[in-house]
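The analysis underlying the following values was restricted to heavy atoms, covering all of them including side chains, and did not include hydrogens, waters or symmetry mates. These numbers come from a predicted model, not from an experiment.
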Amino acid sequence: FLAGCLSYDHVAPSRWLGLLSALGLIAAIAWTGHAGAGIGEMGALHLAADVLHLIGAAAWLGGLVSLVLLFGIVRRDVYASMLLAQDATRRFSILGIACVGTLILTGFVNAWLLVGSFRALLFSDYGRLLTLKLGLFAVMLSFAAVNRFWWTPRLFSSSGHQLQLNSLRQLSRNSIIEIVLGIIILGIVGVLGTQHPASHAWANLQQ
């Protein structure tokens, strides 16, 4: 169904149906992990947080890939396409802020439910792997912040096309680094999904 919608993306209803289908596929991943095993109100909270977390991550990484591809096209015809690059960067900045806010909020909920305590974070395999993930996420955020607050304003500068072209190169480079970090984080998340949550492991050690 999604492939069919993408084949007819020049039709507006097809785009919306494709978006809803993609969101549904992303959200379904939540039922394959720890969140899918929860019960009661806390289980529902965990599942909701995981769904939003997955959508935020997918939107951020997917948006970055599209942005880098667009930057590559613009750099080959910078004079004709700079306005397109500026508009896409502005829109992605808004999307990126929403995604980061969602990831931080839902990540806190997931950590609270799966880790439970600071000691469990430090003294369990799950917690140490999660700490590595958080460290990489912080680095990823650093590159995103440099793009947002340093290179993006220069892309809109009226000082000349050379400055805009250099900003475009730097935005593209930093975005590629973000994508690589994001892929590594996804790999860590996959490993975390195969391990017992830190809260369970720590409780067993305490017994």
Side-chain angles (χ1 to χ4, degrees), residues 2 19-65 92-149 174-207:
L2 177 58
L19 175 61
L20 292 175
S21 177
L23 291 176
L25 289 172
I26 294 166
I29 300 174
W31 275 265
T32 67
H34 295 303
I39 57 174
E41 293 182 357
M42 298 305 292
L45 173 63
H46 190 186
L47 192 59
D50 211 33
V51 166
L52 292 175
H53 199 76
L54 288 165
I55 290 175
W60 190 8
L61 282 179
L64 279 171
V65 172
F92 180 78
S93 293
I94 297 172
L95 174 67
I97 291 172
C99 289
V100 169
T102 299
L103 288 171
I104 292 174
L105 179 61
T106 56
F108 178 80
V109 173
N110 285 340
W112 171 55
L113 293 170
L114 293 175
V115 179
S117 69
F118 188 69
R119 288 180 64 84
L121 182 66
L122 294 178
F123 299 108
S124 68
D125 292 338
Y126 186 98
R128 285 189 285 267
L129 198 56
L130 179 59
T131 301
L132 175 60
K133 173 196 169 185
L134 293 175
L136 291 174
F137 179 69
V139 176
M140 193 175 174
L141 276 183
S142 299
F143 279 98
V146 171
N147 275 357
R148 174 64 180 84
F149 298 109
N174 288 353
S175 296
I176 291 173
I177 294 173
E178 286 182 62
I179 292 170
V180 172
L181 290 171
I183 292 173
I184 295 172
I185 290 173
L186 290 178
I188 293 174
V189 170
V191 175
L192 287 172
T194 66
Q195 296 188 349
H196 292 293
S199 57
H200 296 176
W202 185 251
N204 292 334
L205 287 175
Q206 294 297 94
Q207 292 177 356

Chemist: Keeping Arg128 on the side-chain end and Leu122 on the backbone end, is there a donor-acceptor pair under 3.5 Å?
Modeler: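 A pair under 3.5 Å: yes.
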Chemist: State, with a plain yes or no, whether a side-chain heavy atom of His46 is found less than 4.5 Å away from one of Leu114.
Modeler: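 Of all side-chain heavy-atom pairs linking Leu114 with His46, at least one is under 4.5 Å.
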Chemist: Does the side chain of Val139 reach to within under 4.5 Å of the side chain of Phe143, using non-hydrogen atoms?
Modeler: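 Yes; the side chains approach each other to less than 4.5 Å.
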Chemist: Do any N or O atoms from the side chain of Ser124 and from the backbone of Leu121 form a donor-acceptor pair under 3.5 angstrom?
Modeler: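 Not at all, since once roles are kept as given, no pair shorter than 3.5 Å links the two residues.
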Chemist: Are Val115 and Pro197 side-chain neighbours, meaning at least one heavy-atom pair lies under 4.5 Å?
Modeler: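 Not in contact.
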Chemist: Closer than 3.5 angstrom, by distance alone: can the side chain of Ser142 be matched with the main-chain N or O of Ala138 as a donor-acceptor pair?
Modeler: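 Side chain of Ser142 to backbone of Ala138, a donor-acceptor pair under 3.5 Å: yes, one is there.
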Chemist: How long is the span from the CD1 atom in Ile185 to the CG atom in Leu192, to the nearest 0.5 Å?
Modeler: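 Going from CD1 on Ile185 over to CG on Leu192, the span is 11.0 Å.
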Chemist: What's the shortest heavy-atom distance between Ile55 and Ile26, and which atoms?
Modeler: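 Taking every non-hydrogen atom into account, N-CG2, 3.9 Å.
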Chemist: How far does CZ of Arg148 sit from CD1 of Ile94, to the nearest 0.5 angstrom?
Modeler: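 It comes to 8.5 Å.
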Chemist: Can you find a pair of side-chain heavy atoms, one from Trp60 and one from Ile179, that are under 4.5 Å apart?
Modeler: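 They are not in contact (no side-chain heavy atoms under 4.5 Å apart), so the answer is no.
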Chemist: For His34, check side chain to side chain donor-acceptor pair (under 3.5 Å) against everything at least two apart and list the hits.
Modeler: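 With neighbours one apart ignored, the set is empty.
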Chemist: Partners of Ala30 by side-chain contact (heavy atoms from CB on, under 4.5 Å), sequence neighbours excluded?
Modeler: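 Ala30: side-chain contact (heavy atoms from CB on, under 4.5 Å) contacts with Leu47, Asp50, Val51, Leu54.
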Chemist: How long is the straight-line distance from NZ of Lys133 back to CG of Leu181, given to the nearest 0.5 Å?
Modeler: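 If we round to the nearest 0.5 Å, Leu181:CG and Lys133:NZ are 13.5 Å apart.
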